[in-house]
Amino acid sequence: MNSVLSRSKCGMVVFCLLLAMILWAGAAWAAAPAGDVVDFPPALDSYGDQDMTSILEILKHRIRQQPFNLVATLIFFCAIVHTFLSSKFMEVAHKWEHEHEEKIRQGRADKYSVHHGAELFHFFGEVEVVFGLWAAVLVIAVVSFFDWQTTVYYIGYRVNYVEPMFVVTIMILAATRPILKLAEALMQKIANLLGGTLIAWWFTVLTLGPTLGSLITEPAAMTISALLLSKKFYSLKPSTGFKYATLGLLFVNISVGGTLTNFAAPPVLMVAGPWDWSTLFMLTHFGWKELIGMLLSNSIYYVIFRKELNGMQHDFAVEELKHGIQKELIKRTDLEAEFDKIRPMVTQEIDFGKTVGSKTKEVIDNVKIRLEASYLPGLQSKGVDPELVKEAFDKRFDEIKLKKLREFFPGLLPREQRAEFFDPDWDDRDDPVPTWVTVGHVLFMAWTIFNAHHPTLFVPGIFFFLGFAQVTLPFQNRIDLRPPLLVGFFLGGLVIHGGLQGWWIEPVLGRLGEIPLMVAATILTAFNDNAAITYLCTLVPAFPDGCKYAVVAGAVAGGGLTVIANAPNPAGQSLLKKHFDDAVSPIGLLKGALLPTVILWLCFALFR
């Protein structure tokens with residue numbers, strides 16, 4: 001109970017931060033920029049260093065012209081370090097929390113108390129809030145160096161929030177039951193062709209799932225693939241090494257999986273217009289290479305972990321058989337109908353309600369008499385009307401009694417007084433979804449993807465969808481808005497920071513040869529969103545075609561190295577972190593993603 005309260009409080013803090021950010025952004029958008037506001041950040045061509053050749057001299061020159069460049073980058077660096085320390089914060093939080101729970105069990109602490117240090121460290125350990133927290137530090141710094149008008153101008157007019165809003169919207173849609181059922185049915189057909197084993201499922205989700213990203217966008221592919229891996233693979237409790245290897249493989253494959261088209265992968269989307277890259281261009285220059293690299297990476301990881309996969313097959317087969325029986329033979333609705341018939345017969349034969357109710361009433365009456373003897377004399381001694389005291393006491397006693405009966409003996413209460421029952425297995429039911437409901441969901445996804453650059457269209461679309469979901473409630477799972485909102489908060493903070501890093505990224509990328517540029521793009525992607533990396537290269541005048549290929553290849557190959565490397569990664573991390581004790585280790589992710597990153601990088605480099 002104490003842990004639930006703790007998580008609720010932490011969630012409330014996160015929600016308040018999200019609400020504050022939304023209101024803040026809304027206020028910024030509503031205000032008109034002042035005429036004398038500072039142009040912040042300065043345009044890259046305003047530094048007047050086009051004739052300089054040394055990268056170090058360019059960076060020194062830009063710091064001298066605008067010292068805040070260094071401040072913004074140091075704050076960004078602190079945020080990156082914080083992400084790497086998030087799992088450590090979570091470990092300490094869990095340790096303190098368990099120690100406090102032990103104190104409660106021993107009676108040395110109040111049962112409703114919390115360890116505030118644990119709560120604080122748990123909050124700091126939430127990866128999704130890191131960049132939002134440091135964005136607040138950045139705002140304070142901007143206000144200190146400049147003024148409030150400059151801050152509002154930058155947050156409200158220079159930062160583009162379309163990608164975070166799109167990711168939130170597509171995550172909500174892709175995680176719905178009809179879409180997941182449709183994706184699972186598609187992948188089941190492919191997995192059955194490969195034998196229907198755990199190996200077949202693992203290989204299919206990690207290959208077909210990311211490839212679908214070229215059609216339904218990478219954030220949607222990440223959501224579907226992560227949820228299917230959670231159900232089919234992570235629920236079987238693989239080893240820690242295999243968990244991180246699969247997570248790293250998923251992140252890398254999603255990053256390159258959207259390169260079959262020119263609209264699905266964020267780093268490609270940034271350059272497709274300025275460089276005139278069509279879907280045919282992407283298919284012939286990137287798509288077939290990423291398919292080779294993806295299949296090769298999956299095959300190597302299969303060879304490495306084949307013994308463990310074979311060992312998990314028995315548990316997988318049992319789970320699949322259980323779901324098959326549940327779906328085909330023992331349907332939920334039929335079983336519930338039988339239990340509904342049994343309940344009145346059992347109640348009538350053993351007189352359960354009357355027997356237990358009578359005993360419970362006896363105990364409660366005794367408690368009430370004892371409490372009246374303890375409290376009523378003290379209240380009456382204060383000069384209050386004894387009748388009023390008795391009436392108020394009875395009402396308060398009845399409130400507490402109802403609360404405890406709802407908690408321990410809900411069956412003794414009339415149906416209208418019982419608390420609403422939440423079935424913890426509701427989302428795992430196998431009831432069929434009508435075709436028209438699935439078609440409706442597909443149309444909502446298509447609308448969102450088609451209007452991905454127009455939040456004025458896809459945001460109202462999600463509100464219409466929530467109404468549609470309410471109408472079709474019996475066929476839906478619970479729509480959990482917390483993960484997509486947290487991911488949006490993460491990406492919103494990231495783009496706020498990323499907009500102030502161009503002063504050093506642009507000269508580094510714009511003055512390197514093809515192979516060094518490809519290496520640099522891969523490394524920089526680990527510390528900044530890969531879409532920001534490719535976007536900055538569109539600002540470099542007369543950028544050679546070979547360098548264009550190199551920077552995009554490096555950016556998508558490195559998109560799985562960290563949570564911040566690719567926009568869909570926070571979504572995958574948020575959906576799967578429960579299998580990692582609520583804290584995905586950045587080092588563990590880096591190790592798991594390193595081999596597939598090298599393989600994809602070599603495929604792009606060798607087949608240029």
Side-chain angles (χ1 to χ4, degrees), residues 7-8 10-23 25-26 126-132 135 160-180 183 209 212-213 216-231 250-251 254 264 266 427 441-442 444-449 451-452 454-455 457-470 476-496 529 531 563-564 566-579 582 584:
R7 296 291 80 76
S8 299
C10 186
M12 182 60 69
V13 173
V14 172
F15 176 78
C16 290
L17 280 175
L18 288 169
L19 183 61
M21 188 176 184
I22 292 169
L23 293 174
E126 293 280 0
V127 174
E128 294 91 342
V129 306
V130 168
F131 283 94
N160 188 342
Y161 298 98
V162 172
E163 185 177 57
M165 288 190 287
F166 173 76
V167 171
V168 170
T169 304
I170 204 69
M171 274 189 71
I172 294 171
L173 291 169
T176 56
R177 185 167 179 262
I179 294 297
L180 286 176
L212 284 174
I216 63 175
T217 72
E218 288 184 354
M222 174 67 85
T223 303
I224 291 171
S225 300
L227 289 171
L228 287 177
L229 281 174
S230 177
K231 178 180 179 181
L250 173 67
F251 280 16
I254 289 290
D427 291 349
H441 280 66
V442 170
F444 275 112
M445 281 197 70
W447 170 265
T448 302
I449 293 168
N451 297 295
H454 309 290
L457 294 176
F458 70 71
V459 169
I462 195 63
F463 291 130
F464 274 107
F465 164 76
L466 292 174
F468 178 78
Q470 186 63 33
Q476 303 285 349
N477 283 348
R478 300 182 184 95
I479 297 178
D480 186 3
L481 297 179
R482 184 175 183 271
L485 285 176
L486 281 175
V487 170
F489 185 60
F490 178 97
L491 293 174
L494 183 58
V495 296
I496 289 172
D529 182 33
V563 174
I564 66 175
N566 192 30
N569 291 357
Q573 191 268 161
S574 179
L575 295 170
L576 293 174
K577 67 180 181 180
K578 63 183 179 183
H579 301 290
D582 280 336
V584 174

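In what follows, residues are counted from 1 in the order of the sequence shown. Quantities reported herein were computed from a predicted structural model and do not represent experimental measurements.
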Ile179 and its side chain to side chain contact (heavy atoms under 4.5 Å, CB included) partner, picked from Leu173, Thr223, Ile224 | Ile224

Compare every heavy atom of Gln476 with every heavy atom of His441, then report the nearest pair and how far apart it is.
-> CE1-NE2, 2.9 Å

Which heavy-atom pair separates Ala452 from Phe166 by the least distance, and what is that distance?
-> CB-CE1, 3.6 Å

Is there a donor-acceptor pair closer than 3.5 Å between any side-chain N or O of Ser574 and the backbone N or O of Pro570?
-> no

Any side-chain heavy atom of Phe490 within less than 4.5 Å of one from Ile564?
-> yes

Mind listing the closest non-hydrogen atom pair of Ala264 and Gly213 along with its distance?
-> CB-O, 2.8 Å

Would you give the length of the straight line joining atom CZ of Phe464 to atom CH2 of Trp447, rounded to the nearest 0.5 angstrom?
-> 9.5 Å

Could you pull out the closest heavy-atom pair between Asn451 and Leu457, with the gap in Å?
-> OD1-CD1, 3.3 Å

Minimum side-chain heavy-atom gap Leu576-Val584 below 4.5 Å | no

For residues Glu163 and Pro219, determine if any side-chain heavy atom of one lies less than 4.5 Å from a side-chain heavy atom of the other.
-> no

Distance (rounded to the nearest 0.5 Å) between Asp529 CG and Asn566 CG | 6.5 Å

Test item: side-chain donor near acceptor, Gln573 and Glu128, under 3.5 Å = yes

Heavy-atom closest pair (Ala469 atom, Ile479 atom, distance to 0.1 Å) is CB-CD1, 3.7 Å

The reported gap from CD1 in Ile170 to OG1 in Thr217 (rounded to nearest 0.5 angstrom) is 4.5 Å

Would Tyr161 and Ile496 satisfy side-chain contact (heavy atoms from CB on, under 4.5 Å), going step by step from the backbone distance to the final call?
-> CA-CA 9 Å; Tyr161 298 98; Ile496 289 172; 3.7 Å; yes

Would you please test Phe465 and Ile172 for side-chain contact (heavy atoms from CB on, under 4.5 Å) and show each step?
-> CA-CA 10 Å; Phe465 164 76; Ile172 294 171; 4.2 Å; yes

Can you check side-chain contact (heavy atoms from CB on, under 4.5 Å) on Ile449 and Ile216, steps first, answer last?
-> CA-CA 7 Å; Ile449 293 168; Ile216 63 175; 4.1 Å; yes

Can you tell if the side chain of Phe444 reaches within under 4.5 Å of the side chain of Ile462, non-hydrogen atoms only?
-> no

For residues Ala175 and Leu180, report the shortest heavy-atom separation together with the two atoms involved.
-> O-CD1, 3.5 Å

Rounded distance (nearest 0.5 Å) linking atom CE of Met171 with atom CG of Leu575 | 4.5 Å

Supply the atom-to-atom distance Leu486 CG to Leu481 CG, rounded to the nearest 0.5 angstrom.
-> 11.0 Å

Between OG on residue Ser225 and CG on residue Leu250, distance to nearest 0.5 Å | 6.0 Å

